[in-house]
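Have a look at the structure below before the remarks.
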Amino acid sequence: MEFVRDLAKLRTLEGNKPEIALTTNGQLLAEIARPLKEAGLDRVTVSMDAVDPERFGAHYTRAQWI
């Protein structure tokens, strides 16, 4: 959380808070989502293959992304 909190203190050249985003496999997200938001996190992307590998694999293969 401290890293996100430190990032949230930064400002762009225009004086705006930068958008802070995180990509995750979703492990522990339910437990840390609120503290991350309170620390300044703006957006989270959850890897769908980590959520349900069988369902994701039925639509996509990793070879398509290479």
Side-chain angles (χ1 to χ4, degrees):
M1 298 328 136
E2 194 66 31
F3 182 67
V4 173
R5 197 171 291 112
D6 289 344
L7 287 175
K9 292 176 186 175
L10 298 175
R11 293 295 175 257
T12 66
L13 294 175
E14 294 79 23
N16 301 317
K17 176 187 165 293
E19 182 176 13
I20 303 170
L22 170 77
T23 301
T24 178
N25 64 6
Q27 289 289 109
L28 304 176
L29 187 59
E31 299 168 23
I32 64 171
R34 184 173 305 279
L36 285 170
K37 176 67 177 170
E38 291 170 355
L41 188 70
D42 297 301
R43 183 179 56 207
V44 174
T45 301
V46 178
S47 175
M48 292 308 295
D49 58 338
V51 172
D52 188 343
E54 288 182 27
R55 186 173 180 185
F56 184 84
H59 299 288
Y60 304 100
T61 62
R62 291 195 188 278
Q64 290 176 300
W65 306 107
I66 298 175

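Start at 1 with the first residue, then count along the sequence. Just so you know, these numbers use all the heavy atoms, side chains as well, and skip hydrogens, waters and symmetry mates.
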Residues that [X] engages under side chain to side chain donor-acceptor pair (under 3.5 Å), provided they are two or more places apart:
X     : result
Glu31 : none
Thr23 : none
Arg43 : Glu19

* Given Leu41, Ile20, Asp42, Val44, the one that forms side-chain contact (heavy atoms from CB on, under 4.5 Å) with Leu36 ->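 That would be Leu41.
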Counting only pairs under 3.5 Å, give me each side-chain donor-acceptor contact of residues 1-11, with atom names and distances, residues two or more places apart or in other chains.
unit_1, atom_1, unit_2, atom_2, d
Glu2, OE1, Arg5, NH1, 3.0
Arg11, NH1, Ala8, O, 2.9

* salt bridge (charged side-chain N to carboxylate O under 4.0 Å, His left out) with Lys37: which residues, sequence neighbours excluded? -> none
* To do: Decide side chain to side chain contact (heavy atoms under 4.5 Å, CB included) for Thr24 and Thr45; before the verdict, give the C-alpha distance in whole Å, the side-chain angles of both, and the deciding distance to 0.1 Å.
  => CA-CA 6 Å; Thr24 178; Thr45 301; over 6 Å; no
